[in-house]
Asks: 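Quick one: structure below, then a few questions.
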Number of protein chains: 2
Amino acid sequence: MDFTAPVTEQRFVLDHIARLDTLADTPRFAAASPDLVDAVLEGIGQFAAGEWAPLDRIGDTVGARWTEDGVVMPDGFRAAYQAYVEGGWGTIGSPEAFGGQGLPFVLATAVLDTLGSANMAFALAPTLTVGAIEALTHHGTPEQQAAYLPKLSTGEWTGTMNLTEPQAGSDVGALKTKAEPRDDGRWSIRGTKIFISFGDHDMTDNIVHLVLARTPGAPEGTKGLSLFLVPKYRLDADGNPGDINDVRVVSIEHKMGLHGSPTCVLSFGDHGDCIGELIGAEGGGIAAMFTMMNNARLNVGLQGVQTAERATQRAVAYARERIQSARAGSGSREPVAIIEHPDVRRMLMRMKAQTMAARALLYYAASQVDHANLGDTEAKKRLDLLTPLAKAHGTDLGAEVADIAIQVHGGMGYIEETGAAQHFRDVRVTRIYEGTNGIQAADLVGRKLSMDNGATLTSLLADMRGEAQGEALLTLIDACEDVARNLLASDIEDRLAASSPFLTMLSVATCGWLLEREGRIAAELPDSPFVAMKRAATRFYGEQIVPEALGLKAAAMAPAAPLYAVEPETFAA
Amino acid sequence: MDFTAPVTEQRFVLDHIARLDTLADTPRFAAASPDLVDAVLEGIGQFAAGEWAPLDRIGDTVGARWTEDGVVMPDGFRAAYQAYVEGGWGTIGSPEAFGGQGLPFVLATAVLDTLGSANMAFALAPTLTVGAIEALTHHGTPEQQAAYLPKLSTGEWTGTMNLTEPQAGSDVGALKTKAEPRDDGRWSIRGTKIFISFGDHDMTDNIVHLVLARTPGAPEGTKGLSLFLVPKYRLDADGNPGDINDVRVVSIEHKMGLHGSPTCVLSFGDHGDCIGELIGAEGGGIAAMFTMMNNARLNVGLQGVQTAERATQRAVAYARERIQSARAGSGSREPVAIIEHPDVRRMLMRMKAQTMAARALLYYAASQVDHANLGDTEAKKRLDLLTPLAKAHGTDLGAEVADIAIQVHGGMGYIEETGAAQHFRDVRVTRIYEGTNGIQAADLVGRKLSMDNGATLTSLLADMRGEAQGEALLTLIDACEDVARNLLASDIEDRLAASSPFLTMLSVATCGWLLEREGRIAAELPDSPFVAMKRAATRFYGEQIVPEALGLKAAAMAPAAPLYAVEPETFAA
């Protein structure tokens, strides 16, 4: 078994960061008792390690393949996916009214954390299904919900998100896919979408595409967009998959990683016969899209946690096995496991600390989804503020940890058979899709910073300051406040120029706050290996990683003008 | 043409950082006149862009292939290599006594810079040949030099370095390959070497393996090692390649990148008939190895420059072409090239600044090789100090810039056809081979920091302080001095725990010093696109990148003890 779900850690973070007890105290989430949570974490851990983790490498080496009849997944994927459905793992966070268990989003987050650690590419299929469920739950008619939510809730059908077109990436408003009304109240869709994850596959009997398109006479830009549901197979009178719809997989991308996840070019309506249903109001596409995307952004940030966990486990195992060189200063000439060497030990400690940081940030943000769903408007605002941090910093950390894992392996890290390289390649896309991390930073300084005239951020910083004790952390919180004040007084160009360094500073401050709390709690717990590691890694975070982020203040305070001192063509000089 | 050699930049750095004029003023390097330097830079630029750059992608996609008869390079490589030999490009820095031009090492560095930007994997073949030339020049007998140096000097034969064995990576002293004396004064070699770059290929008529092995009765560890020359084909009476030697390519590695460079497992003496010659004294292997490796370490650091240059060119071209979204705050809704967006502009400026930093560091270090060769003992010490910085920080920067290049490309950066992903995959190994960057940091705090009781470092810091003007830079220089003082007073374990952050701090201080000088010189030059970019990027370096490195001080001052607060097995908890 080369992957073990970090059940103790997950439970600790659910308890002390997500404060699952405050959710279980509500009628809506009363089912989320400690015993049930333990059973879920243990159960998904065993399932993921046993069924999904062994397919991670074949997903990479064989990969999803395009054929004229559609995308074929590598051997074992369909059966492992069916086992996931039959185990009821898809239903954890799905709505109770449609066959789901209605458990907290943050518990579903922990489940997805484990699945994705076992097999990140594979776990993208359920991740996208969640987005489709959200869109239908919030914007679908009762008939649409009844027709699609039961099968999506169990995972019997998967969902996709169709936004990007060749000319419309970050600029969603530039998309051209058209929807024309039909006589029967449905719509005829025509256009090409790219970068559609799990846009086709052979694991389920149907696929539910959610497609942004433009209706006749709609205004330009995002206001003219509407959301359509386009099933791969149209439903027959009994609600079962019937005639095939006019959606064609033109090709799949040849990517650097994530080969187990088919990234499709989908052509809708080549034969004028692609039928879809409007979801929500005409012109309400962008609002519905944000419903899909917000939680999707958390779930992509979670892919950073997934990768960090798996890469760390792999590096620790290697560093404990690989014998090389005597320990310096020991007086002995006996070679030792490389984990004994200080610089390797430092790398491993950093991996542990950054993995804890990413998990704390993501589970904390996910818990705000639940509080927001319970009607807590402050939690909703905090969620909005934290979402770009969770997505961007979560994935940045996943990439950093995967990079260190290669370094710990030395030359073997560069050899594909070792496995470390796959995580490094796989995770790289998470900093790009679902809104690049630059787009997240723009969202932070553009929309989120100025929410309530900055009160949402002020409230977060006040919470941090009320609890923080470390000197470096308090300095970093002050620095975040200085930068935020400066940015709020700056024009948009200056704000954007400083957006990425500021996002990192604020993310590290947030993680520093949460990990300091974890460390304080661990200090009170009885000794155990888990507790010892928690104390050491949270201390390392405060002593080494928090101060690093202070080094970003100059960049976060810098104006845009020096960047524009040269013309674009000068960059080629 | 998707690659253009940065001739103006190279000339600027050769003039103002390497101070090529001070070398051309000496009798030994009098040939290195400005006109000749221009001709070399222009010539190699055209050759590399025309002949080598177009093979970069086929090197990646087809790659070197193992066959029973040896390694077969992709189509075009043999011809392009022969064109390199015929153009005399191999001879730039080779010894005049053996057909070389004897030009400064730093000029050969600029040539290799361009070749590797065009095709990094391919350029590894000449890079390794340089190591073999150095070993023979310093440790070979006149007969050995006469037999091998002429063909190595021109590149008609290539060289390899055979150190690593499965159980002996960073710990070279653990290697087991054996050399037994034969009656004819030569040696019989037996053992297996791994990770041998260009250990076999079909581009030249012979390959000269330099092999570390252990002689009978030799002591354990590195003191028992000797260096042997093992040709692929033994030389006949006329000095031409004759009978094949008993060296077998067992396999080549399946690597994450650098597919154009065959990484071989070589088996020496399977049939008891592998004949080699001793190079230097018996037991002198480690000294000879360091002769090979020191300049090789600079040349690997240079691979960071190569990658950074190529990746930056690619990202700039994409960012100028890709139209997406209106410019924020412009009042216009017209989409613009993404280079106009502040966060993209910041990424590109960072790429330019870091590429300049890496090139300044590498060319500066390379110039110290020449001064050392002229007998300047201070230059030799500074070279020794700078070598780990040049290798580790140069490759770190190459990896960082390649990573940003993917981000600038957005989703397209993750698609292999775009080309950005290849640089990201290719450059990753440079932080590992030729001594991992952790080993470089250990070398810095272990051997180099304490040279002359710290006087070598003090002299470098004094030179920086005498010239530096920026407040952040002066603070960073002070911080480096604080850390160095602390490390010199610490035991080896504490020094090693802090070694990597300290290496980065000192590297950034060095680059900050050199780039500040570049900026001052550019401020006095007449306006031009090149000068404008130089002013802007060097300013950015001082304002944003130098302050970042200050954030590492806490880590560089931290003791080892907290890393050892937990047991190795606890990392798996």
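As the structure is a prediction and not an experimental result, all values here were calculated from the model. Protein chains get the first letters and strands the later ones, always in sequence-line order, with residue 1 at the start of each.
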Asks: Pick one of side chain, backbone, both or neither for B:L258, based on which atoms fall under 4.5 Å of a heavy atom in chain A.
Replies: both

Asks: Heavy-atom cut-off 4.5 Å, strictly under: side chain, backbone, both or neither for A:R320 against chain B?
Replies: side chain

Asks: Please round to the nearest 0.5 Å and tell me the distance separating atom CG of A:L550 and atom CD of B:E548.
Replies: 12.0 Å

Asks: Check whether A:F502 forms a cation-pi arrangement with B:R346 (NZ or CZ under 6.0 Å from the six-membered ring centre, at most 45° off the ring normal).
Replies: no

Asks: Would you mind checking which part of B:A497 comes under 4.5 Å of any heavy atom in chain A, side chain (CB onward), backbone (N, CA, C, O), both or neither?
Replies: both

Asks: Starting at OG of B:S500, measure out to CE of A:M347 and round the result to the nearest 0.5 Å.
Replies: 6.5 Å

Asks: Among A:A317, A:G173, A:P6, A:S170, which residue has the highest count of heavy-atom pairs closer than 4.5 Å to chain B?
Replies: A:S170

Asks: What part of B:P166 lies closer than 4.5 angstrom to a heavy atom of chain A: side chain, backbone, both or neither?
Replies: backbone

Asks: Just wondering, do A:R428 and B:D403 contact through their side chains at under 4.5 Å, heavy atoms?
Replies: yes

Asks: State, with a plain yes or no, whether a side-chain heavy atom of B:K255 is found less than 4.5 Å away from one of A:E416.
Replies: no

Asks: Kindly indicate whether the side chain of B:P568, heavy atoms from C-beta on, has any atom under 4.5 Å from the side chain of A:E340.
Replies: yes

Asks: Is the backbone N or O of A:P342 less than 3.5 Å from a side-chain atom of B:E493, with the two atoms forming a donor-acceptor pair by type?
Replies: no

Asks: Please find the pair of heavy atoms, one from A:Y564 and one from B:H341, that lie closest to each other, and give the distance.
Replies: OH-C, 3.5 Å

Asks: Hey, what do you get for OG1 (A:T436) to CD1 (B:I406), rounding to the nearest 0.5 Å?
Replies: 13.5 Å

Asks: Give, as side chain, backbone, both or neither, the part of A:I492 having an atom under 4.5 angstrom from any heavy atom of chain B.
Replies: side chain

Asks: Distance from A:L563 atom CG to B:L348 atom CG, nearest 0.5 Å?
Replies: 9.5 Å

Asks: Tell me whether B:R333 is salt-bridged to A:E220, with the criterion being a basic N under 4.0 Å from an acidic carboxylate O.
Replies: no

Asks: Name the region of B:I338, side chain, backbone, both or neither, that has any atom closer than 4.5 Å to a heavy atom of chain A.
Replies: neither

Asks: Rounded to the nearest 0.5 Å, how far apart are CE of B:M533 and OG1 of A:T570?
Replies: 7.5 Å

Asks: Could you check whether any side-chain N or O of A:Y414 sits under 3.5 Å from a backbone N or O of B:D426, counting only pairs where one atom can act as donor and the other as acceptor?
Replies: yes

Asks: To the nearest 0.5 Å, what is the distance between CE on B:M349 and CZ on A:F571?
Replies: 4.0 Å

Asks: Return yes if a side-chain donor-acceptor contact under 3.5 Å exists between A:R322 and B:Q167, otherwise no.
Replies: no

Asks: Look at the side chain of B:Q313 and the backbone N and O of A:A572, then say whether any donor-acceptor pair between them is shorter than 3.5 Å.
Replies: no

Asks: Is a donor on one side and an acceptor on the other found under 3.5 Å between the side chain of A:Q544 and the backbone of B:A554?
Replies: no

